[in-house]
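Note that the structure is predicted; figures quoted are calculated from it, not measured. As the structure lists them, so they are numbered: ligands from 1, and atoms in each ligand from 1. Heads up: numbering here begins at 1 and tracks the sequence.
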Amino acid sequence: MSILNTEAAEAARAAEAAPTNPGQPDPAELMSREEIEALQLTRLQATIRHAYENVAAYRELYDAHGVRPDDLHTLEDLAKFPYTDKEFLRAAYPFKAFAVPMDQIRRIHASSGTTGRPTVVGYTDEDIDTWATLLARCLRFSGVRPGDLVHNAYGYGLFTGGLGAHYGIEKLKATVIPMSGGQSEKQVQLIQDFKPRVILCTPTYLLALADAFRNAGVDPRETSLEVAVLGAEPWTDKMRHEIEQTFNLTACDIYGLSEVMGPGVAGESGERQDGSTIWEDHFRPEIIDPISEEVLRTGEHGELVFTTLTKQALPIIRYRTHDLTRLLPGSDRPGHRRMGRITGRSDDMIILRGVNLFPSQIEEIALEIPALSPHFQLRLARPEKMDEMTVHIERRPETSLEDAEAAGAELARQIKVKVGSSCRITVEEPGSLARSSGKLRRIYDQRPK
Ligand code: DLL
């Protein structure tokens, strides 16, 4: 079964399927903007038709809005179709958003979510193959080569990170070490013994591994690691610098979300390190104003919205990610636009006495102060009538307590100047704050609801 029934789309699919050298860019990666947009239109028309014909929830949504698949004549016509969100998928729990019969679903993943039912996603054989191809594309783009040994420390299981990366590594004809997250001492031992050139994990877990290396008496700069492909949580360029200095490697971003596919929706050039390139032959991104829901222009900040263009099992149309960023013109792959750093998720935004702030802002500021480490938590409380935020942040091991206290005062001052909020700072001992083997939780909100 294929949802791609036009000639242009079939030709693109055939070009992708052609046995290209896994070490070389595939043809769709090198398409011009005009070619990409022509391909997007045919794929978009097919996707909307596929969703409308095979998923009752889409049919009901579009009927209620008075739009039909035939109303899409240009890419701009996508704006006529309503947005979808996590609630749309949760209401279809577990399998009602699938657009193919269950015997064609080859794999299921789920994102845990902090509350309520998990969001369930499914893949056909062809979906899994596309995913592996795009993951391989990201890895190659970031400097991973066929034959490399790749230590995969993304969690295996229902989370899309582990298995998603796994099949991409194999597709690239590299060698995968399916380590998964956690067991940091064992990770250290295997990295020492197997000598992988590449590591995949969350940025904060790589920092946790740096501690584990030091605890084992190993300087992280002396390992075999040369490339890290990091994602699944927000991280800043300051954090990139910290990681690159700590391990003496090149760190690149990889972005994705389970609803849209998993890791590999966008990946970053290892040479340019100028933000992740969105693979627009498979995904059509939009940036919208999260309040007015109006579509914004390339370069403007807002919420990222995705439409999948080739997914069979779970077509996703105008899905609100809650991720805040902006689109940038293509660079190394001119046909495909890039995304800026995710500054935060709209549902992770802290509103502190009327001021909006994100953990990434605190990360940026803290990492400019030499005595402070990148390990911090934000605790919110309302002891009386007013909200209070305390930043718990570890000092660096080589810093004296006195210097660390002064650094804490400097952090409070800079947060006040740059963010506009007063907060308390508690400088903690090195290694005292919780680490995570995957996505790190930074915010602990103890305010009464
Ligand atoms: O985190 C998929 C993934 C796995 C991406 C491994 C990269 C590497 P979910 O669990 O569904 O999927 O979470 C998706 O994580 O909406 C963002 O808020 C955040 N996220 C993912 N990648 C990045 C990134 C995976 N590179 C949610 N930068 C997304 C910032 C990211 N945030």
Item to check | Parallel, tilted or perpendicular, as decided by the 30° and 60° cut-offs, for the rings of Tyr123 and Trp131 | outcome: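 Parallel: the ring planes of Trp131 and Tyr123 meet at under 30°.
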Next on the checklist: For a quick check under 3.5 Å, do Glu259 and Thr119 share a side-chain donor-acceptor pair by atom type?
Outcome noted: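 Short answer, no.
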Next on the checklist: Less than 3.5 Å apart, any donor N or O on the side chain of His375 or Glu428 sitting next to an acceptor on the other?
Outcome noted: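 No, because no side-chain N or O of His375 sits under 3.5 Å from a partner of the opposite role on Glu428.
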Item to check | Contact residues of ligand 1 (heavy atom under 4.0 Å), by chain and number | outcome: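 If the criterion is a heavy atom under 4.0 Å, then ligand 1 touches Tyr154, Phe159, Thr160, Gly161, Gly231, Ala232, Glu233, Pro234, Asp253, Ile254, Tyr255, Gly256, Leu257, Ser258, Glu259, Pro263, Asp323, Ile342, Arg345, Lys439.
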Next on the checklist: Tell me if the aromatic rings of Phe88 and Tyr58 count as close, with their centers under 6.0 Å from one another.
Outcome noted: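 Ring centres of Tyr58 and Phe88 closer than 6.0 Å.
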Next on the checklist: Would you say the rings of His166 and Tyr156 are close, in the sense that their centroids are separated by under 6.0 Å?
Outcome noted: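 That pair passes the under 6.0 Å test.
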Item to check | Pairs touching residues 222-231 that satisfy side chain to side chain donor-acceptor pair (under 3.5 Å), sequence neighbours left out | outcome: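 Residue pairs with at least one partner in residues 222-231: Arg197-Glu226.
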